[in-house]
Structure formats: C-alpha cells, structure tokens
Amino acid sequence: MARYNPKETEPKWRAAWESADVFRATIRPGKPKYYVLEMFPYPSGSLHVGHARNYAMGDVVARFKRARGFNVLHPMGWDAFGLPAENAAAERGVSPADWTFDNIARMREALKRLGLSIDWSRELATCEPAYYGRQQAWFLKLLARGLVYRKEGLVNWDPVDMTVLANEQVIDGRGWRSDAVVERRKLNQWFLKITDYADALLAGLETLDRWPDKVRLMQENWIGKSQGLRLTFPYADGVGGDDIDGLAVYTTRPDTLFGASFLAIAPDHPLAERLAAERPAVADFVAQCRKGGTSAADIESAEKLGFDTGVLVSHPFDLQKKLPVWIANFVLMDYGTGAIFGCPAHDQRDLDFARKYDLPVTPVVLPAGEDPAVFHVKQTAYVGPGRIYNSQFLDGLEIEAAKAAAVARTEALGRGVGATVFRLRDWGVSRQRGWGCPIPIINCAACGAVAVPDADLPVTLPADMDFSHPGNALARHPTWKHVACPGCGGAAIRETDTLDTFVDSSWYFARFADPAAPEVIDSAAADYWLPVDQYIGGIEHAVLHLLYARFVTRALADEGMLNIREPFAGLFTQGMVTHETYRRQNGEWLEPDEVEIAAEGGDRRARARDTDEPVVIGEPVKMSKSKRNVVAPEDIADTYGVDAARLFVLSDSPPERDVQWTSAGVEGAWRLINRIWAEFDVLADEAPAAAEPGDEGAATELRRATHRAVKAVTDAIEGFRFNSAIARLYEFVAALRACPSTPSTAAARTEALSALARLVAPFAPHLAEECWVTLGQTGLIALADWPRYDPALADDDEKVLPVQINGKRRGEVRAPAGATPLEVEKLVRESPDIIKRLEGLTVRKVIVVQDRIVNLVAG
RNA sequence: GCCGCCGUAGCUCAGUGGUAGAGCGCAUCCUUGGUAAGGCUGAGGUCGACAGUUCGAUCCUGUCCGGCGGCACCA
C-alpha cells in the first residue's frame, strides 16, 4: 500500500479535464442552467489562500450542480484596471498593460492549479478594448437616455491617489485605498443617475430572498429612504428677489412645525453664497465652516457653529410669525434642500444649537402623563411619542396624524408638497487616472460635450503614457486628446478622465454570457444564462459593487439590452482567511516559515529559526503583506496537494465566517485524504478476509451509514454548510473503516466507496478521480451523477430513546422507529434500570416524544 | 447614538426544545518494512450571566455583560 501521491495524480487529472474539455459551457435548451460566479479578482500577481477559499466554494457549488444534472456556467475573468498597475509603472518603468498581463498569466496558472472547474474559454479582462469598448458603447446609450450627466460640484478628492472618490469609497473620511484624509474640491465630473433608481433598488431588495439579510439591510440603510414634506418659508422682507419666493426646507417632522424657532442653511447653500458675495462677515464664516476636517472624529467633536444672517422668513402656517435664518455648519447641502427648520424641543442637534445661540425652545409634543403647564425641555430633546399641543390646528393629534394633517394643510396652501428623499447620491464616475476606461466624450468649445460616434468606438488608451509623475498620465499625453469635433469638425479635446473601476465590474457577469459577442451583450446568450444563480464574494462589497451592479442591470434592462431586473439571484458572502502573526522582540514581522513553534505544556511558544530568540504570537488577522502572515496556496500544494488545501479552507469554519489558517489544520485534511485513499487502495492488492459471523450486520450498518452520509452531505452543500458536509465525510470514512472487508460485506463496501468518491469530488476533485478509476469506472467523476439515497436506509429502524426522570437522564430503552407512546411507555415500565430508579416514587405523568425521548415526572 | 451578528472542550468551530459533538492539541498505550509515519483508548464542558415560558432550555422570550461589523450632524 502506498500513500496518496498528489504530486503525480493532481496534474494528471487536470490534464484529463482539459483534454476532454469537460467544463466548457454551451447553451442547451431544455436543460436547466446554473450560473455560478465568484467575484473576479484584481490581478495583483499573487494568489493567496483567501482567493483559494473563495474559488473553492464556487467550485464546490459548480461541481455539485453539474453532478445534479444542471448545465453549469462557471467562468473567470480579471478586474484589470486600477491604481496598482500605475504604481508599478511609476516604480519600475514597465507599462501598466505589460505588468497587468504578466500578472494575469501568473494568476491564471495558480488558479488552474487549484483544479477549478472553470470554462476558461470565456476568460476576459476589463482592460482589453474588446471589453471596455462595449462599456463605452452602453455608457453612451445611458447618456442618450439622460442617465449620465456632467456637473460641477464639490467632490471627494484623495490627495494621495490624486483622484476623485465616490461617496461609497470614502470610509470615515478617508480614501478606501489610500487611507488619506479626503478633501473637498470643486470639479467638473460625470455622474451616473443611480438616484433615478433609488426606489426600484430599494423595492428590488424584497425579491432577493437568497441574499444575506445583512447585505440587504446595509443596502437599505445606504439608500436611506425617508418620507417627509418639502415646504417653502416665504421671505418676510423681499430679500429673496423676484426669482425666489421663499426658502425651501425638507423635514420628516412636519408635525413639529409650530415648534420652529429658526431656519438654518448649509454654508454652501445658494443664499449663503449670495450673502457672502455681498458681506465679508458672511464670507468669513462660510470659509471657517469649510476648514473643518471630514473624518468621523472631526465630525463627532465639531462644535455647532452658526451665523445669524439677519434675513427673516414667515412661518407658512402663521405669516405674522417671523423666524431668523442662520447659516449652520451642521446642515448638509447635498441632502434634502440644504436648509432645515430648527425645532429645538424635539431634535437634539437643533436643541444644542438653540442653547448655544439662545434661541427659543417651544415644546409641541406632550409625552403621555405630562402636564402641559409644566413640561419643559432642558438639555435633552424629546423625540418620543405623545400628543401635539401649542400648535393650533394640530392640537390633540398623535404624531402620525399630525404629520398627515400638516402635509395636507401645506399642500392646500400651495406652500409645499409631501416628498420622499433618499440618502443615496448620484454615482460620480470620473477618475483622473490613465489606466482606466476612457470616457467616450469629446469636449468642443462650440458644441460642448459631444459623444464619440459609435463608428469611432472603442476609444482606446495610448500605449505610450508616461507614469513617471503623479496625476493623470492620460491628460499629460502629448497627442492623444487632440481630435476633431464630431459635430462641427473644429479642434476639440477628448475627455481625459477615465471611468471608476466599479463601472468595469458592474456588468462583467452579463458579458460572460458570450464574451466574444460583437454586441455589448448577446441577448440570446444572456436570456439563457442570466441571472447569476449563485454569486460568491466578500462582504466588503455589500454596498459598493453589489449596488452598482444592480443599478447598471436595471439601466441596461430599460435600454433593452437585458431582460432581467436583478443580476444575482443568490448571493453568498464568504469570510476571510486569517493567520496568526509573529513578531520579533524588536517589532519586526516574521513569516510563518521563519518561526519554529513548540508546545510547552498547554502553551505554544514560538522562536525565530535564524536567531532562536523568542517570538511574540499575535492574534489571527486577515492575511496581509505588511504583517507577513500570507500563505500561498502553491506552498501547500507542493507538500500536501491542492485537495488538502481546498478541504481545509472549507472544513474548519462555516463559509460565511472567517477561518484561521493553521498548519495543523492542513495536516488534518491531509490525513483525511490518506484515510479515504487507503480504503480504495486495498481494492488493488488485498483479497478480502474470510467471512465471519456478524458480517451481515456490519454490512447493513455500513449501508445505513452510506445512505445517511449521502443525505447529510447533499443537504449540507445545498445549504452552503460546506464545513458540515466535510464533518459528515469524516464520520462516513470512520464508519467505512470500521466495516471489515469480507465476502459478505463486499457489496455494501462497493456501494459505500462509489458514494464516497462522488461525495468527496466537489471538495477534493483530483483525489475523487483517482478513487473513481480505482473502482474500475471508465468515465471522469467530474461528469458522474450525484449519488442518491434511499430514505428507508437513511433513517434508523430502531431508535435509542433516552429516559429522563424529572428532566435528568436516568437510562435508555430501545424501541422500533415510530413506536407509539403507549408502546414506549410499556417498554420503559419493564426496564429494570428504570424500575430501580423509580423505587419509592410515584409516576405522575409520562411524556413521550416519538423517536426522540421519554420523560417521567415523578415524586 | 441607531441597526445587525457572535459568545459551546485548551484552540478553531459544528449542533439541537429532549443522550453535548468534530478536527487539532493534550495524556496513556500499541505499532516500528505505510516511518520526518500509522493506530487504540482516555481526560477535558455550570453551552457568556440572570430571569421568564415549558414536564424539560445550550436552543424560544426578555434584560444585562463581553467581542465584532455596518451606518451616523441625513433634518
């Protein structure tokens, strides 16, 4: 008997799959399709075990569904534009394209080595003109539809990466990649009108019943729908001028309108800017507001600042009542109307502001049980339920009724309208980058922004950009941007901004339906394959990528290019792979290979291999280059084979949770592989032992174990509980090892081995093929059917029922499955153990749960 | 502050309204022509705390404690 040799078998089976071309997906009308997709990787050049876990999960699903009779599409591509290529170009003088394609070649080999059942004929990279040219084509379609526009506005500027960021890419006031504190700058930017779809994207979440609740909730919060009233406060003294009849305000609390004691506008509100132009004091205040940082800590601690403009407006329900207009630093220009009315009694921010600037505080919501004569709001605003008072026609109403009444009155007066406002902003897609998809626009002094004609697409990047300086290499290129205007033929300049790389990843799943199609998306192929049935990726994309992809899908559907509303019917967000960290006494990080770990008693101690000095073992954290705790799948493959690595990353933790990479864990998986292999390997050279009494019983037990295992593993894979599935494989292998190999058990053993090979196949496909051929099968296990189970065998026909007396386990009885309570009670009362236990006690009640347990209440 | 998730053996984690489990680690023993290996056996748990519902709660409900994540001056 020989140990399993992955170095020989793994490449052999990968070659067999490739030469038989078994994973190529073709449209087969009438056969149910299943589209499995993992979020495509950025080609950084190296594959780590986090990638391996992600793609192993997708591969388990793909192989399982294939065995279950589905026509499976499982493609792979590259999210290939982005900043690291520019950095490499700047540092090493290589072209971003060369660097990227070299990395792709390396990562493709690494991925292939994992034995993934991918249709490589569909491979695509977003940096190829064949891909981004089609992206330009649909961008222009959306432009024609009015879903793309250009606007001068304040943008998030990342001073390190020297580019604009979308709101979604600013995390706690810092750039999502650079971690630099983001500045606000005024720039002319292209936007995609995602806000047109805010309601649809929110409502669509309801249909995504195979998405994690967590992700749906995060998107719901991000879209941030609120119901309220948009109303106008008329200027009291004609300040507004002819074109403006009042100051527009948005509120979700129209019921508290009579508690208004001031209005506040954002520092960049048009009225503030107009006043600033006239009065230096206003200009100074506005400038002061802009100075504050945008980090979470800054905002948290920022003191409320206000400036009384002297402008007065009238209360819309009581024109005699005048309210002052302030400029306030806590009012945001890009939410609602950029102006609020302040009701200090019932809003904490307004109350802080009113106390600081000594403005009136008038409560208008009376909590139950409070006396209106003495109820006061001091330092804490009252935001709970109650009845409205001090509010004329709203008096006596509950809050919801008062809201409706206030909206109705405002609408009747023609001073406003009930309105829905979203937190979601339009998606700014302009990036000042050279290595990205050029925005297909030509700027002409005479004609303005002109779309590049279809015939001139794709607008390709020049091959000779200079990345030796920071900033936009495309804008710096000497000749590329100079073209004739397609409208008037005059000299014009190309748009030199490129599209956010999230645009690239917002539609690739649709292009996979037919990546060679001359059209943007081949409609027959898309109709067959889409939507993606199972999408798998990191939780970090819960709002960014997943929201953009949903939006683009809807926009393309409205353009007639797709027939689905949601791109991903099922979503699974997998956890990360973590690893311990190791540091020398001087703080220097060490790689796992550089450390020798020994157990001393219950403790684990680590020493540096080179100096033998003690090393500090740190908490397991996400693998990162900076902490040097990265493990490459290749290293594991050399020692134990990729099947062991695949098994381990899926076995130790539920797929949605983080898994800690340990060498002990991989060794455990390696032992499982050898135990499995040992059961098959004996077939070749060992004659069965002579029959012995009791073999028939062992054979029956094994058959039960087999059918139980098939049922349990099938259910676990369906439910995305891969760790459970592997745990059941461990149990099944133990049962198989316990069954002697004799003439009487031969049939049961053959059945068990045939099932085992196929159950293992999604997780350890190379091993499974080797087992399959050892069984004498001629076809590939990659194409074999999933095993079936017999429910009669999967369930025991005799049950062991624990017997409790007063809730404590005191014995057990054996009863046939499905025995009635009376039958079970009879068995219990005849059991010597129980009779002894019941001496001196009176049984008051007998509870029998069928096939589960018996409880005697006695005293 | 609001929302969500998690807390089970030394470690990493399954699981269930009814017998508390796996892998690794640890201990003992066996094997020493599967050998930088293999195997048997075992110890180890008030299932985060308290209360409620129940014949029975690790599981359901509530409160609290601890850890993690998302959102956050959004009117």
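In the text below, chain A, chain B and the rest are named by the order of the sequence lines, each starting its count at 1.
- The gap from the P atom of B:U58 to that of B:U53 amounts to 15 Å, rounded to the nearest Å.
- Using cut-offs of 30° and 60° for the angle between ring planes, the A:His315 and A:Phe233 rings count as perpendicular.
- The listed nucleotides are B:G23, B:C24, B:A75; the one nearest the side chain of A:Thr252 is B:A75.
- If you take CD1 of A:Ile673 and P of B:A37, they are 16 Å apart, rounded to a whole angstrom.
- Here the separation of B:G15 from B:G39, taken at their C1' atoms, is 28 Å to the nearest Å.
- B:U19 and B:U32 have their P atoms separated by 43 Å, given to the nearest Å.
- Surrounding CZ of A:Arg721 are more than 12 heavy atoms belonging to other residues, nucleotides or ligands, all under 6.0 Å away.
- We find that A:Asp352 and A:Lys356 are not joined by a salt bridge, their nearest charged nitrogen and carboxylate oxygen being 4.0 Å or further apart.
- Of all nucleotides present, none satisfies the Watson-Crick or G-U wobble test against B:A36 with each distance under 3.5 Å.
- When distances are taken from the side chain of A:Ile340 to each of B:A75, B:G70, B:C13, the shortest belongs to B:A75.
- The separation between A:Phe353 atom CZ and B:A75 atom P is 18 Å, rounded to whole Å.
- The CZ-P distance, from A:Phe722 to B:G15, rounds to 14 Å in whole Å.
- In this structure, B:G69 and B:C3 make a Watson-Crick or G-U wobble pair, each of the two defining distances being under 3.5 angstrom.
- If you take atom P in B:G52 and the same atom in B:A57, they sit 11 Å apart, rounded to whole Å.
- In this structure, CG in A:Leu759 is found 6.5 Å from CZ in A:Phe732, a value given to the nearest 0.5 Å.
- Across all strands shown, B:U28 has no partner, as no Watson-Crick or G-U wobble contact with both distances under 3.5 Å is found.
- Nearest nucleotide to the A:Arg423 side chain, out of B:C13, B:A75, B:A72: B:A72.
- Using bins of under 30°, 30° to 60° and over 60° for the plane-to-plane angle, the ring pair A:Trp677/A:Phe680 lands in the parallel bin.
- Searching all strands for a Watson-Crick or G-U wobble partner of B:G17 with both distances below 3.5 Å returns nothing.
- As rounded to whole Å, 19 Å separates atom P of B:C71 from atom CZ of A:Arg216.
- Rounded to whole Å, atom P of B:C5 lies 13 Å from atom CE of A:Met218.
- Backbone-only contact: A:Arg675 has heavy atoms under 4.0 Å from sugar-phosphate atoms and none from a base.
- Taking only side-chain atoms of A:Leu217, from C-beta outward, the nucleotide of B:C3, B:C74, B:C73 with the closest atom is B:C3.
- In terms of phosphate contacts, A:Arg230 brings no side-chain nitrogen or oxygen within less than 4.0 Å of OP1 or OP2 of B:A75.
- When each of B:C40, B:A75, B:A72 is scored by its nearest atom to the side-chain atoms of A:Arg737, the top-ranked nucleotide is B:C40.
- Of the candidate nucleotides B:G4, B:C74, B:G23, B:C74 has the atom lying nearest to any side-chain atom of A:Arg425.
- The nucleotide B:C11 finds its pairing partner in B:G23, both defining distances of the Watson-Crick or G-U wobble pair being shorter than 3.5 Å.
- The interatomic distance linking A:Lys403 (NZ) with B:A75 (P) rounds to 10 Å, in whole Å.
- One can place CG of A:Asn221 at 10 Å from C1' of B:A72, the figure rounded to the nearest angstrom.
- Nucleotide B:C60 has B:G52 as its partner under the Watson-Crick or G-U criteria, with both atom distances under 3.5 Å.
- Counting any heavy atom pair closer than 4.0 Å across all strands shown, A:Val421 reaches no nucleic acid atom.
- A tilted orientation is assigned to the rings of A:Trp670 and A:Tyr640, their planes being inclined by 30° to 60°.
- Two residues, A:Ile539 and A:Trp670, neighbour RNA chain B, and the one matched to the more 5' nucleotide by heavy-atom proximity is A:Trp670.
- Both A:Tyr730 and A:Arg253 lie near RNA chain B, and the one whose nearest nucleotide falls closer to the 5' end is A:Tyr730.
- If you check B:G23, B:G69, B:C73 against the side chain of A:Lys304, the one that comes closest is B:C73.
- Across the C1' atoms, B:G44 and B:A22 are found 15 Å apart, a figure rounded to whole Å.
- Spacing of P atoms, B:C6 relative to B:A75, comes out at 29 Å, to the nearest Å.
- The interatomic distance linking A:Trp326 (CH2) with B:A75 (P) rounds to 23 Å, in whole Å.
- Regarding contacts with the backbone of B:A75, a side-chain N or O of A:Tyr335 is found under 4.0 angstrom from either OP1 or OP2.
- A:Trp326 and A:Tyr357 have tilted rings, their planes meeting at an angle from 30° to 60° on a 0 to 90° scale.
- Rounded to a whole angstrom, the distance from the P atom of B:A51 to that of B:C13 is 30 Å.
- A gap of 8 Å separates the C1' atoms of B:C29 and B:C40, to the nearest Å.
- B:G34 takes the syn form, because its glycosidic angle lies no more than 90° either side of 0.
- Pairing of B:G44, defined by two Watson-Crick or G-U wobble distances under 3.5 Å, is not identified with any nucleotide.
- Aromatic ring orientation, A:Phe353 versus A:Phe262: tilted (interplanar angle from 30° to 60°).
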